[in-house]
Amino acid sequence: MKNAKLILSSVVTLATMGMTAGVASADTYSVKSGDTLSEIAETNNTTIEKLAALNGITNVNFLSIGQEIEVSADASTAESAAVTTTATSEATTTTSEATTTVATATTTSTTSSATTTSGSVYDQFIAAGGTDAMWTAIVMPESGGNPDAVSANGYRGLGQTKEAWGTGSVATQTAGMINYAVSRYGSIENAISFRQANGWW
């Protein structure tokens with residue numbers, strides 16, 4: 001029998017946010033209406049900053065209903081990094097030549113996003129009576145165009161409110177925003193001017 005090389009090539013890509021080698025899979029929490037990142041952090045004995053880093057959240061004031069949040073108890077030791085490990089070893093054996101390749105394993109963590117795209121939400125907003133100026137000056141700074149956005153303070157929807165019109169369809173939220181703008185500021189234009197001058201409305 002001749003000597004053969006058994007080549008073991010293992011390429012393991014761990015692309016999970018906040019996962020390091022040897023750490024067990026994290027627990028997850030599904031965001032519900034009214035949830036805030038601070039409440040989720042407090043409930044799971046961690047901080048907003050650690051949850052944001054663990055889940056790749058860039059704006060801690062906005063969560064989407066149904067978004068999966070990793071709430072690992074090891075969040076304090078986890079780092080948001082992609083780890084690539086490549087190991088190649090050669091062994092000599094007295095059997096026939098063989099080459100074995102260990103399968104590549106890839107795990108990814110994906111943050112849920114709103115089911116509608118910004119363009120289609122915009123179209124629904126305009127169709128419901130909203131204006132381009134209101135979208136640009138109020139909706140985008142307040143919620144980024146996400147009808148399911150929930151701020152850390154519990155404000156919801158396109159216009160970021162705690163009123164009932166902050167939830168529901170884009171048409172319902174748009175009608176609520178228009179009514180609020182007119183009843184509080186006298187007109188949509190006045191509401192836009194106030195928002196631009198004060199950074200809130």
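Predicted model, so just to flag it, every value in this text is computed and none were measured.
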Original post:
Given side chains that start at C-beta, do those of Val182 and Ser187 come closer than 4.5 Å, heavy atoms only?
Top reply: no
Original post:
Can you find a pair of side-chain heavy atoms, one from Thr174 and one from Gln124, that are under 4.5 Å apart?
Top reply: no
Original post:
Is a side-chain N or O of Thr136 found less than 3.5 angstrom from the main chain of Ala133, in a donor-acceptor match?
Top reply: no
**OP:** Mark yes or no for whether Asn59, through its side chain, and Asn61, through its backbone, hold a donor-acceptor pair below 3.5 Å.
**Re:** yes
Original post:
For the residue pair Ala171 and Ala128, what are the closest heavy atoms and their distance?
Top reply: CA-CB, 3.8 Å
Original post:
Is it true that a side-chain atom of Gln173 and a backbone atom of Leu158 form a donor plus acceptor pair closer than 3.5 Å?
Top reply: yes
Subject >> Pairwise distance OH(Tyr180) to CH2(Trp165) - rounded to 0.5 angstrom >> reply: 6.5 Å
Subject >> Shortest non-hydrogen separation from Glu163 to Thr161 and the atoms involved >> reply: N-OG1, 2.9 Å
**OP:** Show your reasoning for whether side-chain hydrogen bond (donor to acceptor under 3.5 Å, both in side chains) applies to Asn146 and Ser64.
**Re:** CA-CA 8 Å; Asn146 181 354; Ser64 296; 2.9 Å; yes
Original post:
Can you find a heavy atom in the side chain of Ile57 that is under 4.5 Å from one in the side chain of Ile69?
Top reply: yes
Original post:
Are any side-chain N or O atoms of Tyr185 and backbone N or O atoms of Trp201, one a donor and one an acceptor, separated by less than 3.5 Å?
Top reply: yes
Subject >> Straight-line distance of Ser33 OG to Arg156 CZ, nearest 0.5 Å >> reply: 5.0 Å
Subject >> Electrostatic pair Glu142-Arg195, nearest N-O below 4.0 angstrom >> reply: yes
Original post:
Can any side-chain N or O of Asp35 pair as donor or acceptor with the backbone N or O of Lys32 at less than 3.5 Å?
Top reply: yes
Original post:
Are side-chain heavy atoms of Glu70 and Tyr29 found at a separation under 4.5 Å?
Top reply: no
Original post:
Is Leu51 close to Ile40 at the side-chain level, that is, under 4.5 Å between some pair of heavy atoms?
Top reply: yes
Original post:
For Ile138, which of Ile188, Ile192, Thr131 qualifies under side chain to side chain contact (heavy atoms under 4.5 Å, CB included)?
Top reply: Ile192
Original post:
Going through the distances and angles, do Asn55 and Glu68 end up as a side chain to side chain contact (heavy atoms under 4.5 Å, CB included)?
Top reply: CA-CA 9 Å; Asn55 290 280; Glu68 295 294 321; over 6 Å; no
Subject >> Sub-4.5 Å side-chain heavy-atom contact between Val31 and Leu37 >> reply: no
Original post:
Is Lys162 close to Tyr155 at the side-chain level, that is, under 4.5 Å between some pair of heavy atoms?
Top reply: yes
Original post:
If you measure from CG on Leu54 to CD on Glu49, what distance do you get to the nearest 0.5 Å?
Top reply: 13.0 Å
Original post:
Roughly how far apart are Ser143 OG and Asp148 CG, rounded to 0.5 Å?
Top reply: 10.0 Å
Subject >> Shortest non-hydrogen separation from Ile178 to Gly130 and the atoms involved >> reply: CD1-N, 3.9 Å
Original post:
Side chain of Lys50, backbone of Ala41: donor and acceptor closer than 3.5 Å?
Top reply: no
Original post:
Between Met140 and Gly145, which heavy-atom pair has the shortest distance, and what is it?
Top reply: SD-N, 3.7 Å
Original post:
Would a distance-only check, ignoring hydrogens and angles, find a side-chain to backbone donor-acceptor pair under 3.5 Å from Asn44 to Thr46?
Top reply: no
**OP:** Return yes when atom CD of Glu42 has more than 12 non-hydrogen atoms of other residues, nucleotides or ligands closer than 6.0 Å, and no otherwise.
**Re:** no
Original post:
Any side-chain heavy-atom pair from Gln160 and Phe62 closer than 4.5 angstrom?
Top reply: yes
**OP:** Mark yes or no for whether Asn190, through its side chain, and Gly186, through its backbone, hold a donor-acceptor pair below 3.5 Å.
**Re:** no
